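In what follows, a single structure is set out as structure tokens and then discussed.
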Amino acid sequence: RSRRLLDVEVKETVAIKEERALKAAKEEALKQELKAVVREFYCDICGKQYAGVSDFAVHLSGYEHGHTKRLKEAKEANRARTAAKAGNQAKQDQARHLKQMQRRMAAAGVKTGNAATKAAVPVPHP
């Protein structure tokens, strides 16, 4: 009675190499297909992965998913509101800075082409 040879004891032929390469390719294709199927049950909002459609459906209708979704929406709305507020603040700062420069120039006696400065500060004639 002879025992079955171990993989390291078998002399590797071209046919065995091809068979092993084909088997590896099939396994890789199966892994890629499985990744694609599993990716369908991933919640981008919560960052959670689910094994099946039923678990994923339960998650989507659950409190935690809804809460996380509302929280992210509120943060985005607040971020947009803050950005708009910052834009308005920058415009106000720029207008205030311009007025200050005009006042300083008028106090120094520098003529400007701005009609508001001419009307506000009389320039003495020699």
Side-chain angles (χ1 to χ4, degrees):
R1 215 166 129 171
S2 68
R3 66 176 176 86
R4 182 173 175 242
L5 296 176
L6 298 173
D7 289 341
V8 295
E9 295 174 327
V10 175
K11 294 208 178 200
E12 195 167 59
T13 63
V14 174
I16 293 174
K17 283 184 180 180
E18 289 176 357
E19 184 181 330
R20 191 178 69 238
L22 184 62
K23 186 178 177 182
K26 284 182 182 179
E27 286 180 7
E28 185 61 32
L30 184 62
K31 283 182 184 179
Q32 294 300 325
E33 186 179 333
L34 186 60
K35 278 184 182 180
V37 169
V38 169
R39 198 174 290 138
E40 293 178 14
F41 305 121
Y42 180 76
C43 179
D44 291 328
I45 294 171
C46 300
K48 293 185 176 182
Q49 179 71 52
Y50 293 93
V53 69
S54 61
D55 294 336
F56 188 57
V58 168
H59 167 74
L60 291 177
S61 64
Y63 171 79
E64 186 177 355
H65 176 77
H67 178 71
T68 305
K69 184 178 178 183
R70 286 188 302 275
L71 180 65
K72 284 191 176 188
E73 288 171 354
K75 282 183 179 180
E76 286 297 320
N78 189 29
R79 201 171 288 131
R81 197 171 33 249
T82 303
K85 201 181 233 185
N88 291 339
Q89 184 66 36
K91 287 179 185 176
Q92 290 174 353
D93 289 345
Q94 186 179 14
R96 185 175 60 244
H97 181 68
L98 180 63
K99 285 182 183 179
Q100 287 175 348
M101 290 302 293
Q102 288 173 347
R103 283 191 215 122
R104 289 178 185 159
M105 289 173 70
V110 177
K111 286 187 176 183
T112 61
N114 191 342
T117 307
K118 287 182 182 178
V121 180
V123 178
H125 295 293

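As the structure is a prediction and not an experimental result, all values here were calculated from the model.
To the nearest 0.5 Å, atom SG of residue Cys43 and atom NZ of residue Lys48 are 8.5 Å apart. Taking NZ of Lys35 as the start and CG of Leu30 as the end, the distance is 12.0 Å to the nearest 0.5 Å.
For the residue pair Lys72 and Asp44, the shortest heavy atom distance occurs at NZ-O, 4.1 Å. Across all non-hydrogen atoms, the minimal contact from Glu12 to Ile16 is CG-CG2, 4.2 Å. Listed here is the closest heavy atom pair of Glu9 and Arg3: OE2-NH2, 2.8 Å. Of all heavy-atom pairs spanning Tyr63 and Arg70, the tightest one is CE1-NH2, 4.2 Å.
Using cut-offs of 30° and 60° on the angle between ring planes, the pair Phe56 and Tyr50 is tilted.
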Exercise for the section: Please test Gln100 against His97 for side-chain contact (heavy atoms from CB on, under 4.5 Å), starting from the C-alpha separation and ending with a verdict. Expected result: CA-CA 5 Å; Gln100 287 175 348; His97 181 68; 4.3 Å; yes
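Counting only N and O atoms by type, the side chains of Gln92 and Asn88 include no donor and acceptor under 3.5 Å apart.
When the options Lys31, Lys26, Gln32 are evaluated for a side-chain hydrogen bond (donor to acceptor under 3.5 Å, both in side chains) with Glu28, the one that passes is Gln32.
Among residues at least two apart or in separate chains, salt bridge (charged side-chain N to carboxylate O under 4.0 Å, His left out) pairs with a member in residues 75-91 are Glu76-Arg79.
Residue Glu73 qualifies as enclosed at atom CD: its count of foreign heavy atoms under 6.0 Å is above 12. Within a 6.0 Å sphere centred on CD of Gln49, other residues, nucleotides and ligands contribute more than 12 heavy atoms.
Between His59 and Asp55 the shortest side-chain heavy-atom distance does not fall below 4.5 Å.
Ile45 and Leu71 sit in two unconnected hydrophobic clusters of ILVMFWY residues. Membership requires side-chain heavy atoms under 4.5 Å apart, directly or through other members.
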